[in-house]
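Both ligands and their constituent atoms are indexed starting at 1 by order of listing. Hydrogens, waters and symmetry mates play no part in the numbers below; they use all other heavy atoms, side chains included.
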Amino acid sequence: MEFRDLKAQYTKYKSEIDTAIQTVINNSNFIGGTEVNILEKRLAEYVGVKHCITCANGTEAMTLLMMAWGIKAGDAVFVPDFTFFSTGEIVSFVGATPIFVDVNQDTFNMDPIKLERAIIRVIEEGELSPKVIIPVDLFGLPANYNEIEKIASTYNLKVLEDGAQGFGGSIHGKKACSFGDAATTSFFPAKPLGCYGDGGAIFTNDDKLTELLNSLKVHGKGEDKYDNVRIGVNSRLDSIQAAVLNVKLTAFIDHELEDVNRVYKLYTEKLKDIVVTPLIPEGYISSFAQYTIKLKNKEERDTLQAKLKQEGIPSLVYYTKPMHKQVAFEKYNYDENDFQVTSELCDTVLSLPMHPYLKNEDVFEIIDALRSEFEAIK
Ligand SMILES: *Cc1c(COP(=O)(O)O)cnc(C)c1O
């Protein structure tokens, strides 16, 4: 059994994917071109925004926005404490200071009340200027944009939606990657929409920002790439990756998003009486990058994970360490009391196999194993 079965997906779409890749090779146009243009158009349309700008990966997508917005030393950027390292890394990369914010214990996403408290504290301390909020759509569930966008407008901050795990989710029909001033996603193979290597994209309705990003991602190009009007980076999506994504986006829209939600319902129905199962607020849809349960404590979680492994059932812990405890951020001396929820989650969460090709009988096998191991260790 696989945690995320990419081979099952390839088997189903082999002929389309092989043809798409071969077409790029036949045309020998490996950077940019038709595949990338078509993909950007389709992605923007699916998400419901004016522009999609593809780039090399999800981390660079966020870095490009930091550059475009001129975020620099002396600026404060608010990032959830419970996320992948990248969300905080890109803040430090441009010299700004990441201010970590604790998350909600039920949704695992940035807690708006604690966000506002952190903003007020930074303003009162007077050393940094608050500039950007980066909510993360953790495990596929969109963050609480309703509240966060209100706070952003009160304090005049920009919002960057980190939708690396969130592509396909929605709130009352408004799709993930359409929130905030701009949003980003990742096409790393294990994400909800993944390619066959690294890839990423930025989404926005802002024409000027789009123009700037299209320059920054190609060495700050002006009229053409040998006319350089600013310092940029080299961050493009390969044509082969775009060709693969064009096939996979169709599958994602046709059935994959529904299929992960099928697995979610099966799991939750059969596990909610013994463990804490994911909470999906009213009107929200998750793209289930992960299906994550909560156990009582670290000992129970670790024992259960070891037992499942013995039965050949893979499970993973996202994340074992809060951002504020990463060695790379050591110099900031964060106050432990500000991150009680994240610290507890790092000890108690466990992610179970989750992907659109998980068959009902496999889900039942996982449920049975989990239930009997859980009874045994209780
Ligand atoms: C994967 C991920 C990223 C980074 O994406 P890459 O394409 O690997 O650079 C950023 N944020 C979150 C929350 C992620 O899960």
N or O pair under 3.5 Å between Asp198 and ligand 1: no
Aromatic plane relationship, Phe82 with Phe139 - under 30° parallel, 30 to 60° tilted, over 60° perpendicular: perpendicular
Ligand 1 N/O within reach of Phe187 N/O, cut-off under 3.5 Å: no
Polar side-chain atom of Asp5 near backbone of His355 as donor-acceptor pair, under 3.5 Å: no
For ligand 1, the portion of Thr59 having any non-hydrogen atom under 4.0 Å away: both
Pair Gln9, Glu256: side-chain N/O donor-acceptor within cut-off below 3.5 Å: yes
Carboxylate-amine/guanidinium contact Lys150 Glu147, below 4.0 Å: yes
Flag for Thr268-Tyr291: side-chain donor and acceptor within less than 3.5 Å: yes
Plane angle bin for Tyr10 and Tyr196 - parallel if under 30°, tilted between 30 and 60°, otherwise perpendicular: perpendicular
No-hydrogen, no-angle side-chain donor-acceptor test under 3.5 Å, Asp81 and His324: yes
Residue Thr83 vicinity, atoms of ligand 1 by number, heavy atom under 4.0 Å: 13 (C)
Parallel, tilted or perpendicular: rings of Tyr13 and Tyr357 (30°, 60°): perpendicular
Ligand-residue contact atoms, ligand 1 with Gly58, heavy atoms, under 4.0 Å: 5 (O), 6 (P), 7 (O), 9 (O)
Per-residue contact class, Asp162 against ligand 1 - non-hydrogen pairs under 4.0 Å: side chain
Ligand-side contact atoms (ligand 1) for residue partner Gln165, heavy atom cut-off under 4.0 Å: 13 (C), 14 (C), 15 (O)
Per-atom contacts of ligand 1 with Val136, taking only distances under 4.0 Å to non-hydrogen atoms: 13 (C)
Sub-4.0 Å atoms of ligand 1 with respect to non-hydrogen atoms of Phe84: 2 (C), 3 (C), 12 (C), 14 (C), 15 (O)
Heavy-atom nearest neighbour in the protein, as seen from atom 8 (O) of ligand 1, with distance rounded to 0.1 Å: Ser186 OG, 4.0 Å
Where ligand 1 meets Asn57 - atom numbers and elements under 4.0 angstrom, heavy-atom basis: 7 (O), 9 (O)
Heavy-atom nearest neighbour in the protein, as seen from atom 14 (C) of ligand 1, with distance rounded to 0.1 Å: Lys191 NZ, 2.9 Å
Any Met62 heavy atom less than 4.0 Å to ligand 1: yes
Arg262 vs Asp259, salt bridge (charged side-chain N to carboxylate O under 4.0 Å, His left out): CA-CA, chis, key distance, verdict: CA-CA 5 Å; Arg262 162 184 58 86; Asp259 273 317; 2.9 Å; yes
